[in-house]
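Note: hydrogens, waters and symmetry copies are ignored here, and every other heavy atom, side chains too, is used. Lettering of chains follows the sequences in order, A, B, ..., and the numbering in each one begins at 1.
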Number of protein chains: 2
Amino acid sequence: MEVLIAEDEQSIANTLLKSFAATGNHAVIVGNGEEVLDAVKKIRFDVILLDWRMPKMTGLQVCKRLRELQDQTPIILLTALTEIANKVEALNAGADDYITKPFSFEEVLARINAVLRRFQSNTNSLPFGNFILNLITHSVEMETETVKLSEKEFELLKFFLLNKGTIISKEVLCEKIWDIHYPTTTNFVEVTVKNLRKKLEDFTSQKFIRTVYGEGYIFFAD
Amino acid sequence: MEVLIAEDEQSIANTLLKSFAATGNHAVIVGNGEEVLDAVKKIRFDVILLDWRMPKMTGLQVCKRLRELQDQTPIILLTALTEIANKVEALNAGADDYITKPFSFEEVLARINAVLRRFQSNTNSLPFGNFILNLITHSVEMETETVKLSEKEFELLKFFLLNKGTIISKEVLCEKIWDIHYPTTTNFVEVTVKNLRKKLEDFTSQKFIRTVYGEGYIFFAD
DNA sequence: TGTAAAAATGAAAAACATTTCATTATTGTT
DNA sequence: AACAATAATGAAATGTTTTTCATTTTTACA
């Protein structure tokens with residue numbers, strides 16, 4: 001397991017580092033929030049432990065910033081504070097859990113494992129723009145409204161979201177969604193794209209599905 | 001949201017009860033662990049708040065017992081204790097989170113929402129017997145075969161699985177799945193039950209959906 | 001056992017989703 | 001600008017699901 005620890009108190013940092021090493025894991029220590037943001041750009045971590053009090057940015061600010069940057073790495077906040085407002089703030093800022101100091105390494109491990117357990121199983125929603133594709137209800141949700149997709153529309157949008165930013169040929173869509181080999185005699189792919197576009201445009205004027213002439217489609221969000 | 005609160009201190013219990021009502025939720029209060037075990041047999045709750053100190057059984061014991069009984073309802077422990085050992089114990093006993101007293105109602109709600117978020121995104125399948133209901137594909141899977149359910153069949157089976165072992169009236173199904181108020185002029189609930197039974201029986205001779213004459217249906221698995 | 005209420009069933013009707021098809025619009029190339 | 005290839009569209013045809021309805025079966029209870 002790859003752990004990123006943001007902690008400016010040397011003694012705590014070193015104890016954690018050794019403990020992780022002793023349990024067969026690998027930890028990287030950084031001393032402030034900016035270094036966290038740099039580190040996550042370079043390496044993928046399984047979990048991030050953020051000290052609440054740090055130089056420059058607080059753990060909370062780092063947490064918020066990471067979520068703004070669409071980073072979904074599980075975050076556990078380490079805090080010496082006990083004020084209720086902070087706990088609520090932490091959870092609402094996108095942290096997955098927090099641990100109050102003083103803590104035992106045993107507790108840290110228990111917390112991490114609990115958070116990872118939740119995370120490991122697949123997500124039930126795929127966000128894009130201001131929207132969310134709910135994989136259970138097969139509908140697109142925004143703040144106020146919800147639109148139910150037909151089955152083919154759902155599978156198409158899901159496929160686009162899992163492959164956003166890359167050109168997807170009709171041939172591939174045919175194979176993956178309809179399980180039909182190219183060439184097809186009719187244009188059901190185009191028709192389904194049209195219908196999906198229509199449903200999304202009822203929400204917004206944003207053009208998510210762009211056509212690449214002669215090659216296929218490409219999905220853009222953010 | 002349906003909340004079960006196990007709390008023997010009347011003042012705390014009443015405050016919670018009122019606060020939940022004020023936020024459009026419904027809470028049930030019980031005073032000891034045995035009543036918790038009784039209550040979950042009858043009704044499905046979205047979350048259980050367990051006081052650590054209670055007559056007869058501690059919250060921890062109740063928590064362990066519920067997990068032994070295969071009850072997966074999210075549990076949040078309410079505790080006045082601050083010893084680290086207890087926190088670890090709580091998480092290892094199968095609790096999903098804990099709140100230290102004193103707490104604000106705001107924190108309780110934030111915690112519940114955080115737990116529910118994890119819980120929901122944690123499961124994309126519901127197992128029953130030797131089968132699995134895949135919540136993403138809306139199909140029932142067994143070792144070799146797979147059957148795709150229609151939308152109503154899917155919602156019905158999902159509802160049964162989330163409420164297994166309890167009697168479910170047609171009235172409730174009508175409200176929750178069709179969003180239609182009783183009484184109905186026609187018998188679409190019975191028809192959908194019939195079709196779902198048929199699809200399940202193509203897999204197995206096991207009778208999952210039992211009729212309770214004059215009351216509704218009850219789903220049995222394991 | 002007979003009866004009335006409740007539930008199950010097969011099949012038609014209605015609503016909805018998918019696919020096909022003819023036509024129009026757009027794109028890249030000359 | 002003109003052309004051919006590709007894509008988009010509206011609407012019809014087909015297929016599937018949902019709902020309705022008439023009838024049969026099951027149940028609890030006298």
Do the ring planes of B/F105 and B/F20 sit parallel (below 30°), tilted (30 to 60°) or perpendicular (above 60°)?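 Plane angle over 60°, so perpendicular.
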Ring centroids only, cut at 6.0 angstrom: are B/F159 and B/F219 within range, meaning strictly under it?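 B/F159 vs B/F219: aromatic centres not under 6.0 Å.
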Before we go on, tell me: are the rings of B/F220 and B/F208 under 6.0 Å apart, centre to centre?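 Centroid distance B/F220-B/F208: not below 6.0 Å, so no.
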What integer distance in Å separates [X]:[atom1] from [N]:[atom2]?
X	N	atom1	atom2	answer
A/E215	D/dA5	CD	C1'	14 Å
A/K207	D/dA8	NZ	P	12 Å
A/E155	C/dA17	CD	P	15 Å
A/Y217	D/dT6	OH	P	13 Å
B/L173	C/dA8	CG	P	12 Å
A/L200	D/dA8	CG	P	14 Å
A/I167	D/dA7	CD1	P	12 Å
B/E190	D/dT26	CD	P	16 Å

Would you please confirm or rule out a distance under 4.0 Å between OP1 or OP2 of [N] and any side-chain N or O of [X]?
X	N	answer
B/T211	D/dT26	no
A/R197	D/dT9	no
B/K198	C/dA8	no

Using a 4.0 Å heavy-atom cut-off, does A/K170 contact any base of the nucleic acid, only the sugar-phosphate backbone, or nothing at all?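 Here A/K170 touches the backbone only, sparing every base.
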Within the structure shown, what part of the strands sits under 4.0 Å from A/F154 by heavy-atom distance: base, sugar-phosphate, or nothing?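 Touches nothing.
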[X] bridged to [Y] by N-O distance under 4.0 Å:
X	Y	result
A/E107	A/R111	yes
B/K176	B/E155	no
B/R44	B/E2	no
A/R67	A/D96	yes

Salt bridge (charged side-chain N to carboxylate O under 4.0 Å, His left out), paired with B/K170, selected from B/E215, B/E175, B/E190: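 In the set B/E215, B/E175, B/E190, the residue that makes a salt bridge (charged side-chain N to carboxylate O under 4.0 Å, His left out) with B/K170 is B/E190.
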Which heavy atom in B/L50 sits nearest to a heavy atom in B/C63, and how many Å separate them?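 Between these two residues, the closest heavy atoms are CD1-N, 3.9 Å.
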Between protein and nucleotides 14-24 of chain D, map the contacts as a letter string: B base, S sugar-phosphate only, - none, heavy atoms under 4.0 Å, written 5' to 3'. ---SSBBBB--
Under-3.5 Å N/O pairs linking protein and nucleotides 24-27 of chain C:
residue : atom : partner : partner atom : Å
C/dT27  : O2   : A/Y213  : OH           : 3.0

